[in-house]
Amino acid sequence: IIENLVGERELAYWWFSGAYTSRVIGFTMGGMLGYIFLYIPLVTMGLMSKEFSSGSIKLLYSSPISNLQIVLGKFLSMMIFGLALCGIMFLLLGYGLIGIKMYHFPRVLTGLLGMFLLICTYSAIGLFLSSLSSYQIVAAIGTFVTLFVLGKIGTVWQDIEFVRDITYWLDMGGRASSFVAGLICSEDILYFILISGLFISFTVLRLKGIREKRPKYISVMRYAFTFCIVALVGYVSTIPVLMKYHDSTRTKSMSLTENSQKVLSEIKGKIKITTYVNIFFHKEYGFPRRVNIDLDRYYQYRRFRPDIKMEYKYYYSSPKGKEELELFKKRWGEMTVQEVLEEKAEVLEV
């Protein structure tokens, strides 16, 4: 059918192979990401807790190795385990090279990279939670809860200007999916590396705190200092001008078209987009708690013009059009504009 439409056999093969590759990767890897969320905590729950419950941690302490070497050894074992899982996926998806003409294999490699980074990050989190308790089931539940929180934290404190950038960056949801979709972003790679390094550092500090007799506030300060360093580096990685991308899709579907890129490049000077938000007729796109979500709508444009600035103007004004004015009166009755404003502001917490 496609060949008849386009009139070219090679183009038909090219279109079909691209669509089939997307379907195979989407179903296979997309489903695998969900299983990893459930499976990795069950593997990592005994990494350190088993050492504590059996008493073998004393043998490690008496060995000529440091806390860092102990933790890195555990993490390295999970990295090898992750490579084994990715190797199985590689064999499964790599079979397409034999049976599918013009199979787009770079997209497969990009998805595998995202899956491996996600496994390593989950492993680092599970390793730290496993060091907090000698009970494996407690470590597993703690890991599940932590992963769930990291998947939802991007919606927390979004109405606070400085804090919302930190919580939004900490959000893990969808980062591995962008790799599966075929887009490699320096921010996502650094995110997985930094979060893994953060929890590996936390694990080292945990083992160090067990062996040292120091006030608790010293340990708290160490944890806070480590987190601040990671948060600072992470914030720098989100600066648009410093971000790098690679679109591994065959049709560059994760990027702007060449014509759109040309239009952007021809615009002289800096670009500023001003959004005017009327509290009476809001769609929440420009509200403080949804600013980062609104910025994501311009994600592809900011890739090619990182100097785009976003500005939001908040105001209130009763409608002027006849139909809108009738709807306004029907909803709010005889309330004055000031009374409506106070009620809306209280409900929306703005």
Side-chain angles (χ1 to χ4, degrees), residues 33 36-37 40-41 43-45 47-49 66-79 81-82 113-133 138-157 162-176 178-179 185-212 216-239 242-243 292:
L33 294 180
I36 288 173
F37 175 83
I40 295 300
V43 178
T44 60
M45 66 182 183
L47 286 177
M48 292 302 304
S49 59
S66 63
N67 293 325
L68 178 61
Q69 290 173 322
I70 294 174
V71 174
L72 289 181
K74 298 285 187 179
F75 183 69
L76 179 61
S77 67
M78 288 304 302
M79 289 182 66
F81 179 77
L113 173 62
M115 191 172 75
F116 176 70
L117 291 173
L118 185 67
I119 292 175
C120 291
T121 304
Y122 282 0
S123 300
I125 296 172
L127 177 61
F128 171 64
L129 270 298
S130 179
S131 68
L132 297 179
S133 174
V138 174
I141 294 174
T143 305
F144 280 123
V145 172
T146 303
L147 295 181
F148 177 80
V149 170
L150 285 176
K152 301 294 182 181
I153 197 172
T155 60
V156 178
W157 298 320
F162 176 72
V163 178
R164 69 168 170 241
D165 291 331
I166 297 177
T167 57
Y168 199 76
W169 179 81
L170 285 172
D171 194 287
M172 192 182 297
R175 291 189 181 271
S178 64
F179 285 87
C185 178
S186 60
E187 179 194 355
D188 293 332
I189 292 178
L190 284 174
Y191 172 85
F192 287 121
I193 294 175
L194 289 173
I195 295 299
S196 298
L198 175 66
F199 282 94
I200 288 174
S201 300
F202 281 175
T203 309
V204 175
L205 293 176
R206 166 63 177 166
L207 296 183
K208 188 174 183 179
I210 295 175
R211 303 177 71 175
E212 293 181 348
K216 287 188 177 180
Y217 73 89
I218 298 294
S219 297
V220 173
M221 290 179 62
R222 288 173 175 172
Y223 285 112
F225 179 72
T226 304
F227 176 81
C228 289
I229 292 178
V230 171
L232 178 61
V233 177
Y235 179 77
V236 172
S237 69
T238 61
I239 298 176
L242 299 178
M243 296 169 66
N292 283 318

Inset, instruction - Might you work through the side-chain contact (heavy atoms from CB on, under 4.5 Å) test for K74 and T203, ending with a clear yes or no? - result: CA-CA 11 Å; K74 298 285 187 179; T203 309; over 6 Å; no

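- For I36 against P41, the heavy-atom pair with the smallest separation is O-CD, 3.9 Å.
- A donor-acceptor contact shorter than 3.5 Å is absent between the side chain of S130 and the backbone of G126.
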Inset, instruction - Report the C-alpha separation of T167 and I153 in whole Å, then their side-chain angles, then the decisive distance to 0.1 Å, and conclude whether the side-chain contact (heavy atoms from CB on, under 4.5 Å) test is met. - result: CA-CA 6 Å; T167 57; I153 197 172; 4.3 Å; yes

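- Heavy-atom contacts from other residues, nucleotides or ligands closer than 6.0 Å to OH of Y223 number more than 12.
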Legend entry - From CA spacing to verdict: side-chain contact (heavy atoms from CB on, under 4.5 Å), L117, F179: CA-CA 10 Å; L117 291 173; F179 285 87; 4.1 Å; yes

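- Rounding to the nearest 0.5 angstrom, the gap separating the CE atom in M48 from the CG atom in L132 is 10.5 Å.
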Give the table of side-chain donor-acceptor pairs shorter than 3.5 Å for residues 139-148, with sequence neighbours excluded, one pair per line with atom names and distance.
| unit_1 | atom_1 | unit_2 | atom_2 | d |
| --- | --- | --- | --- | --- |
| T143 | OG1 | A139 | O | 2.8 |
| T146 | OG1 | G142 | O | 2.8 |

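- One distance of note links CG of L68 with CG of L205; it measures 10.5 Å at 0.5 Å rounding.
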Inset, instruction - For the pair L170 and I195, evaluate side-chain contact (heavy atoms from CB on, under 4.5 Å) and give the outcome as yes or no after the intermediate values. - result: CA-CA 8 Å; L170 285 172; I195 295 299; 4.0 Å; yes

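- Relative orientation of the F128 and F202 rings is tilted, given thresholds of 30° and 60° on the angle between their planes.
- Rounded to the nearest 0.5 angstrom, S219 OG and R206 CZ are separated by 9.0 Å.
- The OG atom of S237 sits 10.5 Å away from the CD1 atom of I193 when rounded to the nearest 0.5 Å.
- Note on residues 190-202: pairs passing side chain to side chain donor-acceptor pair (under 3.5 Å), not counting sequence neighbours, are T121-S196.
- Exactly one residue among L198, L194, L190 makes a side chain to side chain contact (heavy atoms under 4.5 Å, CB included) with V233. That residue is L194.
- We find the CE-CG distance between M172 and L118 to be 6.5 Å, quoted to the nearest 0.5 Å.
- With sequence neighbours excluded, the residues satisfying side-chain contact (heavy atoms from CB on, under 4.5 Å) with M79 are F75, F116, C120.
- Smallest separation of non-hydrogen atoms from A176 and G114: CB-O, 4.2 Å.
- The structure places CZ of F199 at 11.0 Å from CG of L127, a figure rounded to the nearest 0.5 Å.
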